[in-house]
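Heads up: numbering here begins at 1 and tracks the sequence. All ligand and atom numbering here is 1-based and tracks the order in the structure.
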Amino acid sequence: MNRRQLLAALPGAAMTALPLVAEAQTVERTLKGLASAKGLLYGAAVANWQSDRDALLRRTFSRQCAAVVPEWEMKWGIIEGTRGQRNYSAPDRIVSFASSHRLAVRGHPAIWHRNLPRWVDGALKTEGETVIVEHIRDLLTHYKGKITSWDIVNEAIEPKDGQPDSLRNSVFLRHLGPDYIARCFEIAAQADPGIQAFYNEYGLYHNDAPDTARRAAVLKLLAKLKSQGAPIYGLGIQGHLTVGRPFNPSTFASFLREVAALGLKIMITELDIDDRRLTQTISERDRLVAEMATQFLTVALDERAVEGLLTWGLSDKYSWLNSTTNQTRTDGTMNRCLPYDEKFDRKPFWFALADAFNRAPRR
Ligand code: 9MR
């Protein structure tokens with residue numbers, strides 16, 4: 001038995017990355033620490049309205065996270081509500097929050113069919129590609145040297161829309177045609193050749209018909225982008241899972257392998273675990289959320305192409321699944337979808353994350 005195997009067999013197995021057991025007991029276990037011990041990145045999403053009002057949230061970010069992604073502020077409609085009048089003050093505040101807490105920033109999203117300025121549809125129709133060239137170029141230039149990891153295109157696949165190659169029937173597809181996705185990556189690389197450009201997508205994990213169709217379509221899209229020579233770095237897998245929907249480890253593992261075989265890296269970009277279908281006690285719900293986290297993370301982190309993971313928030317208190325306009329549970333309790341509860345106490349999901357980082361192979 002070597003030292004690592006010996007340490008792994010001890011009750012304090014979580015500390016295998018540290019040199020001595022005695023020393024390990026004095027060091028706080030943090031998600032960013034456990035992740036980085038394996039060469040992985042851990043971070044979370046935040047919005048200004050949350051960090052502005054909550055010191056506990058800020059403290060948890062600075063202790064637990066190595067990265068942050070804006071949940072809202074970097075969307076096109078927020079930046080350029082009026083054409084030509086770009087206002088980066090809201091996303092700039094996320095970047096300064098990041099620098100005061102020593103966090104890397106992920107850019108999200110350059111091109112997405114939601115939260116678009118009203119004028120975009122008409123402008124795309126009359127002017128075509130120039131409209132996305134201006135937006136991507138300005139956005140990436142503004143953050144040059146500050147943001148290197150970007151979701152360049154978000155959620156461009158929707159099999160239900162019935163379009164060729166399962167492309168989403170968005171304003172981009174309608175006005176620019178199917179090659180707009182490859183063009184977005186080219187425009188981004190011209191604006192800032194130093195970035196890691198991701199295609200980001202949801203609905204890729206469950207073993208049911210909608211996710212199976214989306215996995216196939218995303219693989220086809222990625223293979224096409226690679227064959228066209230598009231400068232894409234990786235796939236962002238959002239990870240909005242739901243307890244009760246089927247998950248098959250080998251199906252998901254082979255999907256990750258196929259993505260990696262295309263020469264792409266992978267980031268889990270928006271992990272949360274929706275418990276709206278569960279009617280059990282809170283502690284049983286928390287156990288089931290953690291169980292699904294463990295199943296998902298075991299497969300995800302085992303794939304060496306996966307470079308990191310961000311949760312879509314830290315505390316249930318601020319999750320989009322508990323917002324006033326998106327009440328996902330009908331029994332008056334909060335959706336227990338994130339690693340921390342509303343008081344910032346760690347939940348079983350937190351420990352599932354910690355243990356998964358701990359078990360992950362080193363990059
Ligand atoms: O969590 C975000 C929510 O607060 C916003 O209202 C919404 C629309 O901008 O976007 C949510 O985040 C989405 C992300 O940007 C893309 N993937 C799905 C996320 C959840 O809807």
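Atom NZ of K144 sits in a crowded spot, with more than 12 heavy atoms from other residues, nucleotides or ligands closer than 6.0 Å.
A salt bridge links D316 to K347: at least one charged side-chain nitrogen sits closer than 4.0 Å to a carboxylate oxygen. The pair D275-R329 counts as a salt bridge, with a side-chain nitrogen and a carboxylate oxygen less than 4.0 angstrom apart.
Judged by the 6.0 Å and 45° rule, R106 forms a cation-pi pair with F198.
The CG atom of D54 sits 9.5 Å away from atom CH2 of W49, with the distance rounded to the nearest 0.5 Å.
Within 4.0 Å of ligand 1, protein heavy atoms come from E71, W72, K75, H108, W112, R114, N115, N154, E155, Q238, H240, E270, W312, W320.
Between Y88 and H142, the angle of the ring planes stays under 30°, which puts this pair in the parallel group of the 30/60° scheme.
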